[in-house]
Structures are given as C-alpha cells and as structure tokens.
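To start, the structure itself, in structure tokens.
Both ligands and their constituent atoms are indexed starting at 1 by order of listing.
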Amino acid sequence: MNLLYNSTRNAEEKVTASEAVLKGLAGDGGLFVPEYIPKLDVTMDELKGMSYQDTAYAVMKQFLTDYTEEELKYCINSAYDEKFDTEVIAPLVKVGDTYHLELFHGATIAFKDMALSILPYLLTTAAKKNNVTKEIVILTATSGDTGKAALAGFADVPGTKIIVFYPKGGVSRIQELQMVTQKGENTSVVAIHGNFDNAQSGVKEIFEDKELKEELEKAGYQFSSANSINIGRLVPQVVYYVYAYAKLLENEEIVPGEEINVTVPTGNFGNILAAYYAKQMGVPIGKLICASNENKVLFDFFQTGVYDRNREFILTSSPSMDILISSNLERLIYTVAGQNPEINARLMAQLKDRGVYEITPEMREKLEDFVGGFATEEDCRETIRRTYERTGYVMDTHTAVAASVCAQYKKDSGDDRKCLVASTASPYKFIHSVMTAIDEKYGSADELALVDELSRISQTDIPDAIKEIRSADIRHHHECDAQCMKEKVKEILGV
Ligand SMILES: *Cc1c(COP(=O)(O)O)cnc(C)c1O
C-alpha cells in the first residue's frame, strides 16, 4: 500500500509521493502532506552502525513508497557522494555541553545542500515514473543559501532548467558571488529589487498562474519548485535527526531511549518540521526548540497563538532566517487543526489577506512539543565569541542563533536533557559577521581577505566552495523589479 499525499487545503486531491515531488505545490496553493507520518521499521540498535546513506534509505523508503528500492538507492548514492568533503556526510561534534550536527559539508557549505543534492534525482526519477516528457523548469526564491544549493544541484541535469531569484542587497557578498558565478547551461540567476518575501510571493504567483502554465506547456515546459515546500526537500531532512540520535547512541553519549532536545535555527520552518516528523517516526526527541533571529514571528506565534507578519522586516547577520512568512508552518497548522483542510485554508486566506491569523486554544495545546526562542544580534555575536574563547570552535551566525536560544532555554526552564543543535552553515560562508563577532578589529577587512585568517584561528581547512569563488567569472547579470518576475521568466525561457 502506497503512502499518499494530499493538499493542506483540500483532502480530496490525493497523489503518490513521486507525483507530489513533481508538482511541488498542490493545485489549490496548498502544500502536500502525507496522510500519516510513518514509523521507522528498523530499531535504533540497527541504526547505530549505519552510514548516512543507509540511514537515509531506512527513513526515506517509509515516506516515498512508490519509489522502488533501486530508484531510491540510486537517488541517495548520487546525492551523498564526493560532493561532500567528509565521508560521514554530517559530522556530529561536541561543543561544550551541546552537540552540533554539522550539515554544511556539501557543495555550497550550507545545510540546504543536504536536501538539494538529492532533489534533482528524486525529481527526474519521478518524471520518468510518471511519463513526463516536458522539460522541468525549477523556479526558486532564495534568501541566499537555497539558491546556490539548488543551482549546484540542478546544474546540467538533463531535462531540467533552473531560474533563481534573490533579493538584491539581501544576501551576503559571498552568497551573491556564489550564485552569479554558477556554471551550467541550464542555470539562470535574477536579482530582485525587493526582499525575500517579495521574491517568494512572486514565485508563488507564477505557480498559481493558470494562463502562464498553459503557455509554457505549449512550449514544452512544466514548472516545479525546489523551495522547501516540496516534500522532496522535506523528507530527506528527517534523516538528520534519526542519524544524529543513532550516532549519539553509538558514541555512548546517551543511553537507549533517552530523550534529547533539538534546537533548530529556523526560517521557512522546513528543518524543524523534519525534526517533528522524526519524533513522530519514533526518535526519542523531547522538545523541538524553534530558534528565530530578530524577525521573531515564530517566537511570538508559539508564545501567543497569533501569527502576525505585519511588522518591520529586519536585515540581520543570519539572512537565511530573515523571513516573515514561514511557508512550511502551514503543514504544522494543518496537523494541529486535526488534519482539517477547511480550517487550515481559512487561516492561510487570513494570512494572505490581512497578514495575521490566530489559532484556537485546542490547536495551541497540540503544539506542546515546541518551544519558541529568539536571539538578538548581540546574543548571536556573544555566543560566537564566547564559544570560540572557551572551546576554539567557530560557528556561523545562523547556528549561533540556535546555540544562544538553546543555552537560554536550558537556563530558563531547568530542562537538562542533552541538546542537539542543527548547525546549518559553515562559518566561512558568513565570514564577515563571524570574524567581527570574535574581534571587532576585523570590521574593516574585505570578506575574501578574512578567509585565511579564519582558517588559521579555527584550525580548519578552507572549503573548496570558497576557494572557487576567489577566481570564478561572473556569468549572470539579470535584474528586475519584484512585479516583473513573470516577464523575466518568459524572457529567459523564450516564450
Ligand atoms: C535556510 C536556512 C535556515 C532556515 O532553515 P528553514 O528550514 O528554512 O527553517 C537556517 N540556516 C541556514 C544557514 C539556512 O540556509
């Protein structure tokens, strides 16, 4: 029996996993969700000795049931290979009294590589399975990391094209360079005059545009999404938490059955939702601690039950978390609404029309697994500096938001369960903020000039991703207003 998926806004439309991967977003604007969260069918004892790839298979086969064993293993082995600079793919590092799961050892040195290196294979396999002959066009809005990771994942993958939109001035210099130097005949990069939410809303509108869809079909194209709303992005992330827990057990840091807390630096709510799914699959996770930066919409939501995006958009040193509409939260809302698509659709309509909605007290009760926290820019700097001084470990700004929130939660709650922090980016990627947090004297230095210094003080090798952009040519020059994204897409595709 296949596990089927339906839209969070309409339970009637049911599709297989491969169809959900292909479509990205449901026809009604909702997100695909599995009918239920499957349980793991292997024991923690069995998982203990497994490689990342084998763990990925054990987890993903439970969700993507219409992929054959051969297909899924092909996807996993094509994704998690030498593109990663360590055989273990996601090293678990003890830093002080917390455990950092380093998810930044892929091609673009941020955690989105973890899911985006497998999505192109899940997608092209899904296309074959469903007899799709059209060329797949990936449209993606990015606050910095997704874009490059998606470009790297899809570059020169036959049968695909990819167009990435990013907010001009809203990403770091290194992130921008990484994107505009991207190779691949099928890649395009566009700078938007606006913020990430404008770019994301623009992409959503293009997906919902029926006329455009027909026009493109005639020209032999079909849209899909690489954003974290695609279940092909979400499911591979569940693996992190199963793998990390098994490694903690293997290293005898915890005893069988011992609950751990998990802190996730959150933006679009994809990664932490995956942790929630891992818990439901049977991983002994206590609290899911949702860490926000100063754009603390989610903290306020967990505090009050009111989601209110009507507020100032703050540019922080953790730009990949500068988000006011956390798209994946819709899947959680649907779940706590008792999988009721009408209730969810009503709330999402309120979010669209007025920018705010409130959930009921009954729904709030079902959020008890979650704790919200946030870190200010100063908290973040202090966490980076103090951790470096005490342990020699240098973490990036996003991870620092989580580490700060994790420590704060421990102190405030007295909850002394061990804590796993999802470490989402290499410090090399946000080097200016990281180095000035450690010492203000680096403030005036050029980002690229700091690379050798970071390597020296952290005693880590300079990642290939950084070495490359020092010399690569700029290949992408597109720029447009947020209102003109659709025209830009047509121009690029020549329709
Ligand atoms: C995208 C991103 C996040 C936020 O992850 P979500 O799944 O969107 O919540 C955190 N840190 C980094 C470095 C990212 O790139």
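Counting the atoms of ligand 1 from 1 in the order shown, those under 4.0 Å from a heavy atom of His398 are 11 (N), 12 (C), 13 (C). Within ligand 1, the atoms closer than 4.0 Å to a non-hydrogen atom of Thr266 are 9 (O), numbered from 1 in the order shown. Atoms of ligand 1 lying under 4.0 Å from at least one heavy atom of Phe269, given by number and element, are 6 (P), 8 (O), 9 (O). Less than 4.0 angstrom separates some heavy atom of Ala425 from each of these atoms of ligand 1: 13 (C).
Of the N or O atoms in Asp396, none lie within a sub-3.5 Å distance of an N or O in ligand 1. Between Met321 and ligand 1, no pair of N/O atoms sits closer than 3.5 Å. Distances between N or O atoms of Gly270 and those of ligand 1 include at least one value under 3.5 Å. Any N or O atom pair closer than 3.5 Å counts here, and Thr424 shares at least one such pair with ligand 1.
In terms of protein heavy atoms, atom 10 (C) of ligand 1 is closest to Pro265 O, 3.5 Å. Scanning the protein heavy atoms around atom 8 (O) of ligand 1, the nearest turns out to be Asn268 N, 2.8 Å. At the shortest separation from atom 7 (O) of ligand 1 among protein heavy atoms lies Asn271 N, 2.9 Å. Protein heavy atom at the shortest distance from atom 9 (O) of ligand 1 is Gly267 N, 2.7 Å. Protein heavy atom closest to atom 13 (C) of ligand 1, with residue, atom name and distance, is Asp145 OD2, 3.2 Å.
The aromatic rings of Phe111 and Tyr240 sit perpendicular to each other, their planes meeting at more than 60°, with 30° as the lower class boundary. Taking the six-membered ring where tryptophan is involved, the planes of Tyr52 and Tyr243 are perpendicular, since the angle between them exceeds 60° and thus also 30°. Between Tyr393 and His100, the two ring planes are perpendicular [angle over 60°; tilted spans 30° to 60°].
Between Asp300 and Arg311 there is a salt bridge, since a side-chain N of the basic residue sits under 4.0 Å from a carboxylate O of the acidic one. Arg9 has a carboxylate O that lies under 4.0 Å from a charged side-chain N of Glu330, or vice versa, which qualifies the two as a salt bridge.
Residue contacts with ligand 1 for Lys112 involve side-chain atoms from C-beta outward but no N, CA, C or O (heavy atoms, distance under 4.0 Å). Looking at Phe111 against ligand 1, only its side chain comes within 4.0 Å, counting heavy atoms.
Residue Asp369 qualifies as enclosed at atom CG: its count of foreign heavy atoms under 6.0 Å is above 12. The 12-atom threshold is exceeded at CD of Glu378, counting heavy atoms of other residues, nucleotides or ligands nearer than 6.0 Å.
Ligand 1 does not have Ala110 within reach: every non-hydrogen atom of the residue lies 4.0 Å or more from it.
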Review point. Side chain to side chain donor-acceptor pair (under 3.5 Å) between Glu294 and Thr376: does it pass, once the steps are laid out?
Key: CA-CA 6 Å; Glu294 290 177 1; Thr376 64; 4.7 Å; no

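For Phe32 and Tyr5, the distance between ring centers is not under 6.0 angstrom.
For the pair Ser7 and Tyr334, the tightest heavy-atom approach, listed with the atom from each and the gap, is O-CE1, 4.3 Å.
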